[in-house]
Amino acid sequence: MAWRAIVHSAIGTRHQQKQLPCQDYGNYLVQADTIIGAVSDGAGSAKFSDVGSKLAVKTALAILESRQEDWSAVDLDTIHAEAPSLFTEMVEAVVTALRSQAESGEYPLRELGCTLLGFISTPHWLACMQIGDGFIVTQAQQTEPEPSKTEPVPSFDLLFEPVKGEYINETVFVTSDNAVEHMQIAVRADHHPFVCAATDGLEKVAIRFQDWQAFPPFFKPFLECLRSISDPEERQTYLETFLESDRLNAKTDDDKTLLLCLFRPEADE
């Protein structure tokens with residue numbers, strides 16, 4: 001398998017104190033040389049948002065997996081043209097699944113409120129969407145430095161500005177009216193071997209708010225982890241230890257989900 005990926009959701013200290021469940025969820029699927037990923041953050045004000053976030057991610061991944069047997073066979077012009085309709089169909093399927101869940105539980109749809117971020121990364125292009133806050137950060141393919149030159153400092157690209165409302169922790173959810181109208185979509189040419197998707201619990205440590213740029217010191221250790229650690233359990237432990245650390249919890253008391261993906265042609269995992 002050419003892709004190495006790790007994902008983990010950690011409950012925030014605020015939810016621990018209130019004896020609430022973690023309301024985040026994230027997951028991914030690998031199809032040959034393509035990876036599909038999604039993360040979701042349940043609304044703090046929604047009673048069953050932990051159910052909503054998990055259902056949203058599972059439905060989104062199922063739709064993206066079912067729509068194309070081999071995403072790498074789709075050319076850039078085609079995905080440019082089809083990405084809006086593809087992601088709209090995905091969001092509509094998510095809302096349908098959430099509405100069905102709400103009806104069976106006999107509670108309002110808003111009680112399943114959650115954000116949604118999703119992506120497809122192939123050897124030829126990257127397509128992403130986002131409704132609400134959180135972030136997707138990527139790194140494009142870099143050429144190998146000449147032997148006499150110093151290896152370049154990695155640069156990371158924040159694809160979307162997180163959607164924020166007038167008040168703290170306010171954003172758009174997939175259950176919001178006209179959520180599709182608030183969806184951000186990006187298609188990038190070429191291979192993006194590093195892709196990261198995360199919920200808003202990590203924004204303040206990973207994003208520079210003054211200029212909406214990714215903060216390289218946050219991402220570089222994870223890039224090195226995926227490059228150098230061959231044991232998948234060790235990679236997973238590295239991520240879990242970070243997300244559940246006292247040092248991180250001192251900076252953010254929110255739930256946090258981090259999905260990290262790296263394409264390694266020579267990888268055996």
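Along the sequence shown, residues are numbered consecutively beginning with 1.
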#### Entry: Spacing of His192 atom NE2 and Thr138 atom OG1 [to the nearest 0.5 Å]
4.5 Å
### Query
Under 3.5 Å, side chain of His8 to main-chain N/O of Ile6, donor-acceptor pair present?
no
### Atom CG of Asp246: over 12 foreign heavy atoms under 6.0 Å
no
### Pro193 vs Arg264 side-chain heavy atoms within contact, under 4.5 Å
no
#### Entry: Joint hydrophobic cluster, Ile79 plus Leu29, side-chain heavy atoms closer than 4.5 Å
yes
### Query
Quick check: does any side chain N or O of Glu240 sit under 3.5 Å from a backbone N or O of Ala10, one acting as donor and the other as acceptor?
no
### Task
Ignoring hydrogens and angles, tell me if any N or O in the side chain of Arg235 forms a donor-acceptor pair with the backbone of Ile229 under 3.5 Å.
yes
### Donor-acceptor contact present, side-chain Lys58 to main-chain Ala56, <3.5 Å
no
### ring-ring contact (aromatic ring centres under 6.0 Å, His included) evaluation trace for Phe135 with Phe160
CA-CA 7 Å; Phe135 59 85; Phe160 311 110; over 10 Å; no
### Query
Has Gln210 got more than 12 heavy atoms of other residues, nucleotides or ligands less than 6.0 Å from its CD?
yes
### Student check: side-chain heavy atoms of Thr171 and Asp200 closer than 4.5 Å
no
### Worked check of side-chain hydrogen bond (donor to acceptor under 3.5 Å, both in side chains) between Thr122 and Ser72
CA-CA 5 Å; Thr122 81; Ser72 64; over 6 Å; no
### Message
Using modelled atom types and a 3.5 Å cut-off, is there a donor and acceptor pairing between side-chain atoms of Glu203 and backbone atoms of Gly134?
### Response
yes
### Point-to-point distance, once rounded to the nearest 0.5 Å, from CG of Asp254 to CG of Asp41
6.0 Å
### Side-chain donor/acceptor of Gln236 to backbone N/O of Val7, under 3.5 Å
yes
## Note on the structure
Rounding to 0.5 Å, atoms CG (Asn178) and CE (Met183) come to a distance of 12.0 Å
#### Entry: Shared hydrophobic cluster for Tyr107 and Val174 (ILVMFWY, side-chain gaps under 4.5 Å)
yes
### Task
Would you check if Gln68 and Val74 make a side-chain contact, meaning some heavy-atom pair closer than 4.5 Å?
yes
### Message
Could you see if Leu248 belongs to whatever hydrophobic cluster contains Phe218? Use Ile, Leu, Val, Met, Phe, Trp, Tyr and a side-chain cutoff under 4.5 Å.
### Response
yes
### Message
Could you tell me if the side chain of Leu258 sits less than 4.5 Å from the side chain of Leu202, heavy atoms only?
### Response
yes
### Message
Testing the basics here: between Ile11 and Lys256, what is the closest heavy-atom pair and its distance to 0.1 Å?
### Response
O-NZ, 4.0 Å
### Message
Side chains of Val137 and Leu159, heavy atoms from C-beta outward: is any pair under 4.5 Å?
### Response
no
### Task
Search all heavy atoms of Val195 against all heavy atoms of Leu126 and return the closest pair with its distance.
CG2-CD1, 4.2 Å
Show me the side-chain donor-acceptor pairs of residues 83-91 shorter than 3.5 Å, one per line, residues at least two apart or across chains.
{"unit_1": "Ser85", "atom_1": "OG", "unit_2": "Glu82", "atom_2": "O", "d": "2.9"}
{"unit_1": "Thr88", "atom_1": "OG1", "unit_2": "Pro84", "atom_2": "O", "d": "2.7"}
{"unit_1": "Glu89", "atom_1": "OE1", "unit_2": "Arg67", "atom_2": "NE", "d": "3.4"}
{"unit_1": "Glu89", "atom_1": "OE2", "unit_2": "Arg67", "atom_2": "NE", "d": "2.5"}
{"unit_1": "Glu89", "atom_1": "OE2", "unit_2": "Arg67", "atom_2": "NH2", "d": "2.6"}

### Query
Does a side-chain heavy-atom distance below 4.5 Å link Leu98 with Leu109?
yes
### Query
For Asp75 and His124, what are the C-alpha separation, side-chain angles and deciding distance, and is it a side-chain hydrogen bond (donor to acceptor under 3.5 Å, both in side chains)?
CA-CA 8 Å; Asp75 61 46; His124 313 295; over 6 Å; no
## Note on the structure
Correct closest heavy-atom pair for Phe119 and Ala197 would be CE2-CB, 4.0 Å
### Query
Side chain of Glu111, backbone of Lys47: donor and acceptor closer than 3.5 Å?
yes
### Message
Quick check on the 6.0 Å ring-centre criterion: do Phe194 and Phe156 meet it?
### Response
yes
## Note on the structure
d(Glu244 CD, Ser9 OG) to nearest 0.5 Å is 10.0 Å
### Task
Mind running side chain to side chain contact (heavy atoms under 4.5 Å, CB included) on Ile207 and Leu158 for me, showing each step along the way?
CA-CA 8 Å; Ile207 305 300; Leu158 175 68; 3.8 Å; yes
### Query
Quick one: are Gln130 and Leu116 in side-chain contact, heavy atoms under 4.5 Å?
no
#### Entry: Distance-minimising heavy-atom pair for Ser53 and Asp24
OG-C, 3.8 Å
### Query
Should Val205 and Phe222 be counted in the same cluster of Ile, Leu, Val, Met, Phe, Trp and Tyr side chains packed under 4.5 Å apart?
yes
### Query
Is it true that a side-chain atom of Trp3 and a backbone atom of Asp33 form a donor plus acceptor pair closer than 3.5 Å?
yes
#### Entry: Rounded distance [0.5 Å steps], SG in Cys261 versus CZ in Arg4
13.0 Å
### Query
Where is the tightest heavy-atom contact between Val187 and Ala127, given as atom of each residue plus distance?
CG2-CB, 4.2 Å
### Message
If I compare all heavy atoms of Pro221 with all of Tyr238, which pair ends up nearest, and what's the gap?
### Response
CB-OH, 3.4 Å
### Task
Report yes or no: does Thr59 contribute a side-chain atom to a donor-acceptor pair with the main-chain N or O of Val94 at less than 3.5 Å?
no
#### Entry: Spacing of Cys196 atom SG and Leu259 atom CG [to the nearest 0.5 Å]
7.0 Å
### Query
Short question: side chain of Trp71, backbone of Leu64 - any donor-acceptor pair under 3.5 Å?
yes
### Message
What I'd like to find out is whether the side chain of Gln184 reaches to under 4.5 Å of the side chain of Met129, using heavy atoms alone.
### Response
no
